[in-house]
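Keep in mind it's a predicted model, so treat the numbers as computed, not measured. Every chain is numbered from 1 and lettered A, B, ... according to where its sequence line falls, protein lines coming before strand lines.
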There are 2 protein chains.
Amino acid sequence: MTEARPVRPGPRRTLSEQVILDAALALLAELGADRVTIRGIAARAGIAPNAVYTYFPDKAAVLHGLAEQLLGRVHDKQAADSALPWRDRVHTVARDLRNELLAHPGSVHLLLGNSLDGQNARAIGAAMLVILADAGLAPDAAARAAHLFNVYLLGSVALETTDQVRATDQFLWGLDRLLDGLVPCAVTPRDHPGSG
Amino acid sequence: MTEARPVRPGPRRTLSEQVILDAALALLAELGADRVTIRGIAARAGIAPNAVYTYFPDKAAVLHGLAEQLLGRVHDKQAADSALPWRDRVHTVARDLRNELLAHPGSVHLLLGNSLDGQNARAIGAAMLVILADAGLAPDAAARAAHLFNVYLLGSVALETTDQVRATDQFLWGLDRLLDGLVPCAVTPRDHPGSG
DNA sequence: ACCTGAACACCGTTCAAGT
DNA sequence: ACCTGAACACCGTTCAAGT
């Protein structure tokens, strides 16, 4: 017989939070938001429904993780390029986020229903703050403006999703009105801080 | 025995759509959005759950009617007063709608998830168009601006609801930035059209 | 036309048990 | 620690039947 070293009871890590979130994301992309159920996720991951509760306290926690998962798919290199005009950088972030949200119908309501306090959410918010600081906004104004940006992005896509229309013109028009309203807030406007 | 005149089969109109929507609204106000269920509505109305389907094809239709019901509770007299500055009139509409939505947590997601094409929704939208026209916006710009207003209002309240904060300062600040961005769109600005 | 009881096919979640 | 089968308390919706 083999040596009787203390065998750990049961498999140690055949699953993980990531496996569950991957299954949830696949379900969201293929079947829509209303099909993202605990039982559906478990079935796709090949486990029993209640096994999910080993990793997440409840469904809300799974959806919160799923929202974070979605934001992680957006990486903006152009947004970080401080040599570009700040309005263009905002446009880039807005377009990329909007496209990601429109690609997964229902994901907007996911973001609107969960606090955007995860790692990826904070990263995007921080990138936005940098852009707005480069635009000349004071820290508190930049924070308010970043929130305003979130409101506009999520609100726009939510209405686009329910009304079944892709109104890119309207989206960019509203974004520009919003940026126009922010311009007077810039105390030290500088388009190319790298050259100053 | 009494005369055998053709008695109509069953009670003719003991219920109505309005009774069901009233029950739904009461449930929303008292127990929250997630407790607005077909079975709950029926119980409060004193009928069997499937009786609801005599008046509405499915739950989505009930919620659509409920969204309309909510908007009907907002009546703005000040918004119609063309003697007031247009920014004040917008502020009034925004404040009243926001207060109504915050009073019923979950109602925001109700509005965001249903097309705002009902009678009350159109009335509010029309009032907004009048204000924006008085502000000097051309019809197409006014239409875009009205949509922008919807996006901002619903997006703001949605984020306020999920983050459990009532940030009135932030709300008004963002609204003003938005209105600032609209000012250049006014081709024929006139504050008091009644005096012209 | 309007309402009912009963059933169907689902949910999220919990519990006791097994490794 | 991790996973399972079974159950509980719900859902929305449909169907056949009654008035």
Handout entry: Counterpart base for dC8(D), defined by Watson-Crick or G-U wobble contacts under 3.5 Å
Key =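 Its partner is dG12(C) (Watson-Crick or G-U wobble, both distances under 3.5 Å).
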Practice task
Just name whichever nucleotide pairs with dT19(D), Watson-Crick or G-U, keeping both distances under 3.5 Å, else none.
Solution key: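 Across any shown strand, dT19(D) pairs with dA1(C).
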Rounded distance (Å) that lies between atom [atom2] of [N] and atom [atom1] of [X]:
X      : N       : atom1 : atom2 : value
D34(A) : dG12(C) : CG    : P     : 11 Å
I41(B) : dC3(C)  : CD1   : P     : 15 Å
L63(B) : dC11(D) : CG    : C1'   : 13 Å
Y53(A) : dA17(C) : OH    : C1'   : 19 Å
R35(A) : dC11(C) : CZ    : P     : 8 Å
I38(A) : dT14(C) : CD1   : C1'   : 13 Å
F56(A) : dC3(D)  : CZ    : P     : 12 Å

Practice task
Establish, with yes or no, whether the OP1 or OP2 oxygen of dC3(C) is under 4.0 angstrom from a side-chain nitrogen or oxygen of Y55(B).
Solution key: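 Answer yes for this pair, as a side-chain N or O of Y55(B) is under 4.0 Å from OP1 or OP2.
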Handout entry: Nucleotide nearest A51(B) when distance is taken to its side chain, options dT4(C), dG12(C), dT14(D)
Key =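 Side chain of A51(B) sits closest to dT4(C).
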Practice task
Answer yes or no: is there a donor N or O on one side and an acceptor on the other, between the side chain of T92(B) and the main chain of A79(B), under 3.5 Å?
Solution key: no
Practice task
Output yes when a side-chain donor or acceptor of E100(B) lies under 3.5 Å from a complementary backbone atom of L71(B), and no otherwise.
Solution key: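 Side chain of E100(B) to backbone of L71(B): no pair is present.
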Practice task
Could you pick out which residue, T54(A) or R39(A), lies toward the 5' side of DNA chain D when each is mapped onto its nearest nucleotide?
Solution key: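 The answer here is T54(A).
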Handout entry: Pair R87(A) + D176(A), salt bridge at N-O below 4.0 Å
Key =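 Yes.
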Practice task
Decide, yes or no, whether a salt bridge links D88(A) with R95(A) under the criterion of side-chain N to carboxylate O below 4.0 Å.
Solution key: no
